[in-house]
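Take a look at the structure set out below.
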Amino acid sequence: ILTFINNLSNELPVLLISKYFGFGTAGLYGLAIKISKTPPGIVGQSISLVFFNEASKLYNNDGDLHKLLKAMQKKLFIAALLIFIPIFIISYFLDYIFGNSWNEAGAYVRILLPWLFIMFLNSPISSLIEILNKQKTFLVYGVILLIARFLALYLGFTIFNDIKISLMFFSVVGVIFNLYIFIYFLKISK
């Protein structure tokens with residue numbers, strides 16, 4: 001059920017943007033997400049595998065998970081800067097590369113980058129959920145995140161009727177929840 005909640009939460013923007021702002025806007029959002037998530041996703045998957053192996057060994061041998069987590073976060077932060085700074089810069093030139101309609105997608109990329117940056121920092125270390133057997137906690141977290149994401153997009157539409165404001169609300173929700181989860185990971189890794 002946790003996987004279903006996470007998938008629904010991740011696909012919610014496309015569904016709501018299609019409903020409230022139309023398929024064209026949802027398509028631009030989809031392009032912005034592809035541009036923003038692909039490079040960090042490739043790097044993040046590799047790091048996740050390494051972290052999972054190291055964290056599992058440490059946990060099973062009563063090692064210092066907290067120390068590993070802090071070291072991993074420093075490496076992830078440097079990697080994130082190397083990935084997201086170019087994405088930010090490229091976002092201003094998407095219309096030159098792909099055509100005029102991509103200008104809007106570039107704006108969406110810039111709005112979503114703070115959330116995606118922090119999500120990149122958390123994604124590889126999320127294997128702590130399984131290692132420390134915190135699936136029930138993360139089910140509750142996932143449900144609350146789903147509700148908050150829905151409200152962010154819904155309020156952006158109903159109050160402002162503006163996709164950029166809706167995406168800003170969505171990004172802010174993502175930043176807040178990812179900061180919370182980062183602090184939670186630090187706490188449970190001690």
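Computed from a predicted model, the values in this text were never measured in an experiment.
Under the 4.5 Å side-chain heavy-atom criterion for Ile, Leu, Val, Met, Phe, Trp and Tyr, Ile78 and Ile83 are members of distinct hydrophobic clusters. With hydrophobic clusters built from ILVMFWY side chains whose heavy atoms lie under 4.5 angstrom apart, Val43 does not share a cluster with Val50. The hydrophobic cluster containing Ile89 also contains Leu94, counting ILVMFWY residues as joined when their side-chain heavy atoms lie under 4.5 angstrom apart, directly or transitively. Cluster membership check: Leu128 does not share its hydrophobic cluster with Leu49, using side-chain heavy-atom separations under 4.5 Å among Ile, Leu, Val, Met, Phe, Trp and Tyr. Linking ILVMFWY residues whenever their side-chain heavy atoms come closer than 4.5 Å, directly or via other members, leaves Tyr141 and Ile183 in distinct clusters.
Heavy atoms from other residues, nucleotides or ligands lying under 6.0 Å from CZ of Phe98 number more than 12. Residue Gln45 qualifies as open at atom CD: its count of foreign heavy atoms under 6.0 Å is 12 or below. Within a 6.0 Å radius of CG in Asn60, more than 12 heavy atoms belonging to other residues, nucleotides or ligands are found. Heavy-atom contacts from other residues, nucleotides or ligands closer than 6.0 Å to CD1 of Ile1 number 12 or fewer.
Defined by atom type and a distance below 3.5 Å, a donor-acceptor pair is present between the side-chain atoms of Asn178 and Asn122.
The side-chain heavy atoms of Thr137 and Ile188, taken from C-beta on, include no pair separated by under 4.5 Å. Residues Lys67 and Leu58 have side chains not in contact (no heavy-atom distance under 4.5 Å, counting atoms from C-beta outward). Side-chain contact between Asn133 and Gln135 is present, with at least one heavy-atom pair separated by less than 4.5 Å. Inter-residue side-chain proximity for Leu2 and Lys136 is flagged as unmet; no heavy-atom pair is nearer than 4.5 Å. Residues Phe169 and Leu151 have side chains not in contact (no heavy-atom distance under 4.5 Å, counting atoms from C-beta outward). Side-chain contact between Gln73 and Ile125: present, with at least one pair of heavy atoms (C-beta onward) separated by less than 4.5 Å.
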*Please assess Ile97 against Trp102 for the test side chain to side chain contact (heavy atoms under 4.5 Å, CB included), listing each intermediate value before the final yes or no.*
CA-CA 8 Å; Ile97 299 168; Trp102 282 75; over 6 Å; no
*Determine, stepwise, if the pair Val173 / Phe150 fulfils side chain to side chain contact (heavy atoms under 4.5 Å, CB included).*
CA-CA 10 Å; Val173 165; Phe150 172 80; over 6 Å; no
_Please evaluate residues Phe120 and Phe77 with respect to the criterion side chain to side chain contact (heavy atoms under 4.5 Å, CB included), reporting the C-alpha separation (whole Å), side-chain torsions for both, the decisive distance (0.1 Å), and the verdict._
CA-CA 9 Å; Phe120 175 80; Phe77 185 79; over 6 Å; no
*Is there a side chain to side chain contact (heavy atoms under 4.5 Å, CB included) between Ile47 and Met72 once you walk through the steps?*
CA-CA 9 Å; Ile47 295 170; Met72 182 60 73; 3.6 Å; yes
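Scanning both residues, Ser36 and Pro40, for their nearest heavy atoms gives O-CG, 3.0 Å. Residues Lys164 and Ala107 approach most closely at CE-CB, 4.0 Å, considering heavy atoms. Summarising the geometry of Ser123 relative to Ser48, their closest heavy-atom pair is O-OG, 4.0 Å, with the distance given to 0.1 Å. Shown here for Ile5 and Val143, the closest heavy-atom pair between the two residues is CG2-N, 3.8 Å. Across Ile87 and Ile35, no two heavy atoms sit closer than the pair CD1-O, 4.1 Å. Here the closest heavy-atom approach between residue Ile131 and residue Tyr59 is recorded as O-CE2, 3.5 Å.
Put simply, CH2 on Trp115 and CZ on Phe177 are 13.0 Å apart, with the number rounded to the nearest 0.5 Å. For the atom pair Leu116 CG and Ile111 CD1, the distance stands at 12.0 Å (nearest 0.5 Å). From Ile165, atom CD1 reaches atom CZ of Phe157 across 13.0 Å, with rounding to the nearest 0.5 Å. Leu121 CG to Ser126 OG: the interatomic distance, rounded to the nearest 0.5 Å, is 12.0 Å. Atom-to-atom distance recorded for Phe51:CZ and Leu76:CG is 9.0 Å, nearest 0.5 angstrom. Distance check: Glu54 CD to Leu69 CG gives 12.0 Å after rounding to the nearest 0.5 Å.
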Please tabulate, one pair per line, all N/O donor-acceptor pairs under 3.5 Å involving side-chain atoms of residues 8-31, not counting sequence neighbours.
unit_1	atom_1	unit_2	atom_2	d
Ser9	OG	Arg149	NH1	2.8
Asn10	OD1	Arg149	NH1	3.2
Asn10	ND2	Asn6	O	3.2
Ser18	OG	Val14	O	2.7
Thr25	OG1	Phe21	O	3.3

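Between Phe138 and Tyr184, the ring center distance clears the sub-6.0 Å criterion. Side-chain rings of Tyr92 and Phe88 approach one another, their centers coming within less than 6.0 Å.
Residues forming a side-chain contact (heavy atoms from CB on, under 4.5 Å) with Val140 (at least two apart in sequence, or on another chain): Ile144.
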